[in-house]
Amino acid sequence: MNFQFTEDQLMIQQTAREFATSEIAQSAVERDKKAEFPFEIVKKLGELGFMGMMVSPEYDGAGLDTISYVLAMIEISKVDASLGVIMSVNNSLVCYGLDKWGSEYIKNKYLRPLAKGEKLGAFALSEPEAGSDATKQHTLANKVDGGWAINGMKNWITNGVNADYHLVMTQTDKEKAHHGITTFLVEKGTPGFTHGVKEDKLGIRSSDTCSLSFENCIVPEENIVWEVGKGFTFAMNTLNGGRIGIASQAVGIAEGALDAARNYAKTRKAFGTEISNHQGIQFKLADMATKVEAAKLLTLQAAALKDAGKKYVKEAAMAKLYSSKVAVDCALEAIQIHGGYGYVREYLVERYLRDAKITEIYEGTSEIQRIVIARELLKD
Ligand code: CAA
């Protein structure tokens, strides 16, 4: 596959890089320490068109391709992986699905403000007893006068505290198992809908994660996304694209760690010379750079297939599986190259490790990615 980026794609990459350097990098450390949500930056990302990158301009999106999205995600995540996931969830898990399967009513009322970054979205599939085993949804929605009554609980929801609109997967017909799952768009503030406290996380600390609770929460019929019974297919197909987003986030983290390690190695002296002159360090940098490149190519490949309208389920899972491992590996090596300095907050590389770990867990653990890849491999 040949990745000669177009002028437009390069411009998006450059815009994201400049924005990350000038508007995000400086406050990232403080926000990580205080676990502070970056409201202002998210607003500015929206103004740049980065919160609805792949949404068609007809619905106020930027109308860009997945390759551009990957390039922007890498640049943003390189300086702040928390912003990476906020952006990825809104773009891949919320806007993409609504653009593809939402009704005209949903697109006009909800997708437009989400695509402009005026409103924020969340994707609520996981539950206390349905994480990897996502077909086992316990949250119920029953038909009542005026719509559907939702009862149940969701867990680990990124943007859960601050999102305005939540896509909630519910069981509407137990007999039909996962073919009886339906997605509802639930607005913040709907009676019976509350969120739990913000989780105190190891990494991606300035993004918010929480549980959601539904007690007789009545949602109108027109807020069904796609159709009754299509909720699991909606979630799986949306997650396929989401995995490209998280793979990009992981590549960004890995690249950030590599840059930090290289810069440090070129200035730190030991045994009478910069440590970059020692083969032990050079080999580490060479391995890191090779892995970053391979992870990036896998991610771009998945994005290119998606843009070409071809199947990309396996490739997206491979990209996420590999890139998330590379992010953890590179963050660990960056710490090793920094020695003791890598272990303290002042030198920033420890954040890469804390942020990297979650990429092996959310939007399908590495074990789930292997299941997806193997099933696709064995299909034909
Ligand atoms: N793309 C499209 N369809 C898929 C799919 C994929 N990647 N994976 C499974 N499916 C379809 C299957 O084709 C099947 O469809 P039919 O029954 O119509 O034929 C259906 O889903 C059920 O699949 P299986 O029979 O294989 O069911 P399973 O229980 O053995 O496996 C699973 C399903 C693949 C493990 C699935 O449950 C899964 O992907 N789990 C992980 C869930 C996940 O990624 N959660 C992340 C939460 S979101 C998150 O983290 C958001 C955040 O805030 C950051």
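All ligand and atom numbering here is 1-based and tracks the order in the structure. All figures in this text were calculated on a predicted structure; none of them were measured in a lab.
- With hydrogens and angles disregarded, a donor-acceptor distance shorter than 3.5 Å links the side chain of Q171 to the backbone of G180.
- The nearest non-hydrogen atom to atom 20 (C) of ligand 1, considering only E363, K320, H178, K311, comes from H178.
- Taking CD1 from I246 and NZ from K320, the interatomic distance works out to 7.0 Å, rounded to the nearest 0.5 Å.
- With respect to atom 27 (O) of ligand 1, the closest heavy atom belonging to the protein is R375 NH1, 4.0 Å.
- For a threshold of 3.5 Å applied to N or O pairs, the pair formed by S126 and ligand 1 contains no separation below that value.
- Geometrically, K306 engages Y96 in a cation-pi contact, judged by NZ or CZ lying under 6.0 Å from the ring centre and within 45° of the ring axis.
- Counting only heavy atoms of the protein, atom 21 (O) of ligand 1 lies nearest to F232 CE2, 3.3 Å.
- Counting protein heavy atoms only, atom 7 (N) of ligand 1 is closest to N240 OD1, 2.9 Å.
- Between L185 and the choices V219, L98, V94, the side chain to side chain contact (heavy atoms under 4.5 Å, CB included) rule is met once, by L98.
- No hydrogens or angles considered: a donor-acceptor pair under 3.5 Å links the side chains of K201 and T209.
- The closest heavy-atom contact to atom 40 (N) of ligand 1, among the options S132, A134, S88, A130, comes from S132.
- Look at I371 and you'll find every heavy atom at least 4.0 Å from all atoms of ligand 1.
- Protein heavy atom nearest atom 18 (O) of ligand 1, with residue, atom name and distance: H179 CE1, 2.9 Å.
- Of the candidates K154, K136, M236, E127, M236 brings a heavy atom nearest to atom 39 (O) of ligand 1.
- Counting heavy atoms under 4.0 Å from ligand 1, residue N159 does not touch it at all.
- The presence of a protein heavy atom under 4.0 Å from atom 53 (O) of ligand 1 is confirmed.
- Between G364 and ligand 1, an N or O atom pair is found at a separation short of 3.5 Å.
- Within the 4.0 angstrom cut-off, atom 4 (C) of ligand 1 has one or more protein heavy-atom neighbours.
- In this structure, atom 32 (C) of ligand 1 has its sub-4.0 angstrom surroundings free of protein heavy atoms.
- Within a 4.0 Å radius of atom 13 (O) of ligand 1, the protein contributes no non-hydrogen atoms.
- A donor-acceptor pair shorter than 3.5 Å cannot be found between the side chains of S126 and N155.
- Taking 4.0 Å as the cut-off, L93 counts as a neighbour of ligand 1 on heavy-atom distance.
- Checked against a 3.5 angstrom limit, the closest N/O atoms of N237 and ligand 1 fall outside it.
- Note that atom 23 (O) of ligand 1 has no protein non-hydrogen atoms nearby, at separations under 4.0 angstrom.
- Closest non-hydrogen pair, A247 versus S323, comes out as O-CB, 3.6 Å.
- For the pairing with Q137, the side-chain hydrogen bond (donor to acceptor under 3.5 Å, both in side chains) check across K154, E129, K174 returns one residue only, K154.
- Among protein heavy atoms, the minimum distance from atom 44 (O) of ligand 1 is reached at R243 NH2, 2.8 Å.
- Taken from CD1 in I67 to CG in D307, the straight-line distance is 5.5 Å, to the nearest 0.5 Å.
- Here the OG atom belonging to S207 is positioned 8.5 Å from the NZ atom belonging to K198, to the nearest 0.5 angstrom.
- Put simply, the side chain of R354 gets close to the backbone of L202: a donor and an acceptor are under 3.5 Å apart.
- Between T158 and ligand 1, at least one pair of N/O atoms sits closer than 3.5 Å.
- Protein heavy atom nearest atom 29 (O) of ligand 1, with residue, atom name and distance: T135 CG2, 3.7 Å.
- Counted within 6.0 Å of CZ on F3, heavy atoms from surrounding residues, nucleotides or ligands total more than 12; the atom is thus considered enclosed.
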